[in-house]
Amino acid sequence: MKIATWNVNSVGARLPHLMRWIQEDAPDVALLQEIKCVSEAFPYETIEDMGYNVAAFGQKSYNGVAILSKFPLEDVTRGLPTFAQDTQARYIEAVTNGVRVASIYVPNGSEVGSDKFSYKMAFYGALGDHATQSLSYGEPLVWGGDYNVAPYAQDMHDPALSGEPRILCSVEEQRALRTLISQGFCDGLRQVFPASQEAGKGLFSWWDYRAGSFNRNKGFRIDHLLLSPQASDRLEAAGIDAHTRGWERPSDHAPVWITLV
DNA sequence: ATGGTAGCAAAGCTA
């Protein structure tokens, strides 16, 4: 069972890429972020014709998340249950083929110390509360998404940025993501590619559109798949489809995937 | 170096 997460940066603008990637990569489950459209505007027919069930939770112009699956989608939840006051579409959850999956778009945070940064930290707090509940059920759980944090120095093209007061890299953000993982998740990609080994170096999932970041491989690993123990026991393989970032008019993020036995 | 590019939507906001 292959489960992937991808921040597509507008499902409308990226539909040709999404279709090409689905055909080439054939994920069983795709967790999408930043669909940037209302739920009704999702290209359901196009994706359903490719053999997927779709559940979307969108909003106008910004944010928005979706789950695609070759298996039926059951028990769909839109919005973080522990963050009822949130007005932005950043979380959707469903059970598919016996695995409870979530597609998560953590706020970017803009600048460390800003109001948007406080919102990011509050979102992490709500995620932690929901994780406490979710992990208590002892189910296979895969939380995929754009967490907008590079948790360790090895997740940055320049390790010196780690802990610096800049967005994606700060001590506060790293603590928030590491604390979430410590509640009982495993970082799927790091499990397969330890940062201490050669294959674990230079694994990035996002490259800024500006300043030729991709061509210079100035990337960060901010998109993650977090697995409960019942999922990580079944972890077989993992990877990042970085080549999609080299396609014409790409998303600034690349798909991250795992397979479960 | 406070730039640089992309998407939405129609000027500025968000990333």
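Excluded from the calculations below are hydrogen atoms, water molecules and symmetry mates; all remaining heavy atoms, backbone and side chain alike, are included. The sequence lines fix the lettering, A, B, ..., with proteins before strands; numbering per chain opens at 1.
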Please report, to 0.1 Å, the donor-acceptor pairs under 3.5 Å made by any side chain of residues 149-158 of chain A, with sequence neighbours excluded.
| residue | atom | partner | partner atom | Å |
| --- | --- | --- | --- | --- |
| A/D155 | OD1 | A/R190 | NH2 | 3.0 |
| A/D155 | OD1 | A/R221 | NE | 2.8 |
| A/D155 | OD1 | A/R221 | NH2 | 3.2 |
| A/D155 | OD2 | A/Y152 | N | 2.9 |
| A/D158 | OD1 | A/A160 | N | 3.0 |

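Distance check on atom P: B/dA9 versus B/dT5 gives 22 Å, rounded to whole Å. The separation of B/dA15 from B/dT2, taken at their C1' atoms, amounts to 16 Å, rounded to a whole angstrom. Taking the C1' atom of each, B/dG4 and B/dT14 are spaced 16 Å apart, rounded to whole Å. Nucleotides B/dG3 and B/dC13 have their P atoms positioned 15 Å apart, rounded to a whole Å.
Side-chain atoms of A/K36 and A/N9 form a donor-acceptor pair, as typed in the model, at a separation below 3.5 Å.
Note: A/H130 and A/Y91 have perpendicular aromatic rings, judged against thresholds of 30 and 60 degrees for the angle between ring planes. Ring orientation note: the planes of A/W207 and A/F214 are nearly perpendicular, at an angle over 60° on the 30°/60° scale.
Put simply, A/S10 has a side-chain N or O that comes within less than 4.0 Å of OP1 or OP2 on B/dC8. Residue A/R166 places none of its side-chain N or O atoms closer than 4.0 Å to OP1 or OP2 of B/dT2.
The 5' end of DNA chain B is approached more closely, in terms of each residue's nearest nucleotide, by A/R216 than by the other of A/R216 and A/S61.
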Short heteroatom pairs, N/O only, protein and nucleotides 12-15 of chain B, under 3.5 Å:
| residue | atom | partner | partner atom | Å |
| --- | --- | --- | --- | --- |
| B/dC13 | O2 | A/Y62 | OH | 3.1 |
| B/dT14 | OP2 | A/K116 | NZ | 3.1 |
| B/dA15 | OP1 | A/R90 | NH2 | 3.4 |

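Distance, A/F214 CZ to B/dA6 P: 14 Å, rounded to whole Å.
We find that A/E111 and A/K116 are not joined by a salt bridge, their nearest charged nitrogen and carboxylate oxygen being 4.0 Å or further apart.
Taking the six-membered ring wherever Trp is involved, the centroid distance between the rings of A/H243 and A/W21 does not fall below 6.0 Å.
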